[in-house]
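Note that ligands are numbered from 1 as they come in the structure, with each ligand's atoms numbered from 1 the same way. Note that this is a predicted model, so its numbers are computed, not measured.
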Amino acid sequence: MTDSTAADSKINHAASLKYWNSVPATTGSMLGEFPSVSRIDLQGSKTFLAKVRRLLPGVQSEGKFHQGVDCGAGVGRVTEGFLSHVCEVVDAVEPVAKFTQVMQDSQLKRDGVIGTIYTRGLESWTPEKKYDLIWVQWCAGHLTDSQLIDTTVRCRKSLTENGLMVFKENLSTHFSGQDMYDSEDSSVTRTDAKFRQVFEAAGMDVVKSELQKGFPRSFNLLPVQFYALRPKTTN
Ligand SMILES: C[S@@+](CC[C@H](N)C(=O)[O-])C[C@H]1O[C@@H](n2cnc3c(N)ncnc32)[C@H](O)[C@@H]1O
């Protein structure tokens with residue numbers, strides 16, 4: 001059910017956590033009704049990151065980044081299928097303990113590829129390290145606009161000199177051009193314009209944005225947009 005009035009003011013973290021705690025701690029559950037989108041999603045992320053790395057002078061164009069972080073990591077689907085292929089070490093931020101437990105118990109953790117796991121919401125996470133790649137996927141809707149700006153500012157300050165922050169999020173298709181609130185998991189789906197306002201307010205430039213392609217039409221999914229961000233040079 002959606003409602004477009006003052007969408008982010010309706011966000012309730014307790015309700016989000018209740019919803020996510022009711023979902024099985026499996027990869028398929030991270031993608032709702034469409035677990036089969038995972039392969040297309042992960043391939044799209046690899047392709048997008050490769051394009052950004054070619055495009056940006058200064059950003060290491062080949063080889064693995066040293067330190068990445070998977071924000072709103074769930075059970076580590078993105079870490080396992082993508083980030084661990086492009087980073088030597090991947091930290092994770094995720095508020096649901098039964099999800100972080102899956103990462104804690106994984107082979108990637110035993111191998112040291114998964115680094116520090118922070119069991120908390122992004123709104124209360126302050127990075128303690130410098131990151132080459134901060135990846136935020138399908139979780140920004142659980143933060144209010146001001147929490148999202150503050151989180152992005154903290155992340156901006158934690159980037160290495162040539163580090164990148166990437167958001168990969170659904171976009172609102174509401175006929176009124178507004179953000180949409182979803183009471184099922186207490187989240188908002190933002191418009192492209194809102195995301196750009198948030199990034200501007202957080203002192204970030206969008207260096208590349210692109211829609212994820214290749215999801216079957218029959219799934220009738222919302223558009224999914226990548227935003228690659230770098231700190232504004234004037235900051
Ligand atoms: C749709 S799942 C996506 C998980 C993962 N990013 C993926 O793509 O497989 C949304 C995730 O956001 C997490 N989440 C909920 N509230 C959050 C918050 N305040 N900060 C960060 N993540 C949150 C949920 O627990 C859940 O794991």
Side-chain angles (χ1 to χ4, degrees), residues 7-8 10-46 48-49 68-85 87 90-104 106 108 114 116-127 133-152 154-155 165-171 180-190 198 212 215 219 221-222 224-227:
D8 79 311
K10 297 178 187 168
I11 287 174
N12 176 319
H13 292 299
S16 305
L17 292 186
K18 188 171 175 204
Y19 171 79
W20 285 108
N21 270 298
S22 75
V23 161
T26 59
T27 297
S29 307
M30 299 296 105
L31 301 174
E33 303 157 60
F34 304 106
S36 60
V37 305
S38 190
R39 188 184 52 77
I40 301 164
D41 161 62
L42 296 168
Q43 184 55 51
S45 298
K46 282 176 205 165
F48 178 76
L49 183 65
V69 58
D70 184 353
C71 295
V75 295
R77 182 188 69 87
V78 176
T79 290
E80 186 184 357
F82 163 51
L83 292 173
S84 61
H85 305 184
C87 300
V90 186
D91 288 352
V93 185
E94 163 59 50
V96 174
K98 71 176 184 180
F99 294 168
T100 57
Q101 193 61 47
V102 173
M103 287 182 273
Q104 193 65 46
S106 68
L108 284 176
I114 293 181
T116 310
I117 300 172
Y118 301 92
T119 305
R120 70 187 68 154
L122 271 179
E123 69 285 358
S124 52
W125 178 61
T126 301
L133 181 61
I134 299 178
W135 195 268
V136 184
Q137 179 162 354
W138 282 328
C139 65
H142 289 299
L143 273 58
T144 65
D145 293 354
S146 70
Q147 287 173 335
L148 190 56
I149 293 169
D150 291 349
T151 297
T152 308
R154 291 194 301 277
C155 288
M165 182 170 188
V166 177
F167 280 79
K168 184 172 187 180
E169 295 288 341
N170 291 344
L171 291 183
M180 305 186 292
Y181 178 72
D182 185 338
S183 58
E184 188 185 19
D185 63 352
S186 193
S187 68
V188 289
T189 304
R190 294 181 166 87
V198 164
Q212 163 76 47
F215 290 142
F219 287 0
L221 296 173
L222 289 170
V224 177
Q225 177 101 315
F226 295 95
Y227 299 94

query = Which class fits the ring pair F48 and F226: parallel under 30°, tilted 30 to 60°, perpendicular over 60°?
reply = parallel
key: salt bridge (Lys or Arg N to Asp or Glu O under 4.0 Å) partners for D150, two or more places apart   = none
ask   = With a 4.5 Å heavy-atom cut-off, do P95 and W20 have their side chains touching?
value = no
message = Less than 4.0 angstrom from a charged side-chain N to a carboxylate O is my criterion; do R190 and D145 meet it?
response = yes
task = Test F167 against W135 for ring-ring contact (aromatic ring centres under 6.0 Å, His included), laying out the working first.
result = CA-CA 6 Å; F167 280 79; W135 195 268; 9.8 Å; no
Could you tell me, for ligand 1, which of its N or O atoms are under 3.5 Å from any protein N or O, listing the pairs and their distances rounded to 0.1 Å?
| residue | atom | partner | partner atom | Å |
| --- | --- | --- | --- | --- |
| ligand 1 | 6 (N) | G72 | O | 2.8 |
| ligand 1 | 6 (N) | Q137 | O | 2.8 |
| ligand 1 | 8 (O) | R77 | NH2 | 2.9 |
| ligand 1 | 9 (O) | R77 | NE | 2.8 |
| ligand 1 | 19 (N) | E123 | OE1 | 2.8 |
| ligand 1 | 20 (N) | L122 | N | 3.0 |
| ligand 1 | 25 (O) | E94 | OE2 | 2.7 |
| ligand 1 | 27 (O) | E94 | OE1 | 2.7 |
| ligand 1 | 27 (O) | E94 | OE2 | 3.4 |

Side-chain ion pair, D70 and R77, N-O less than 4.0 Å = no
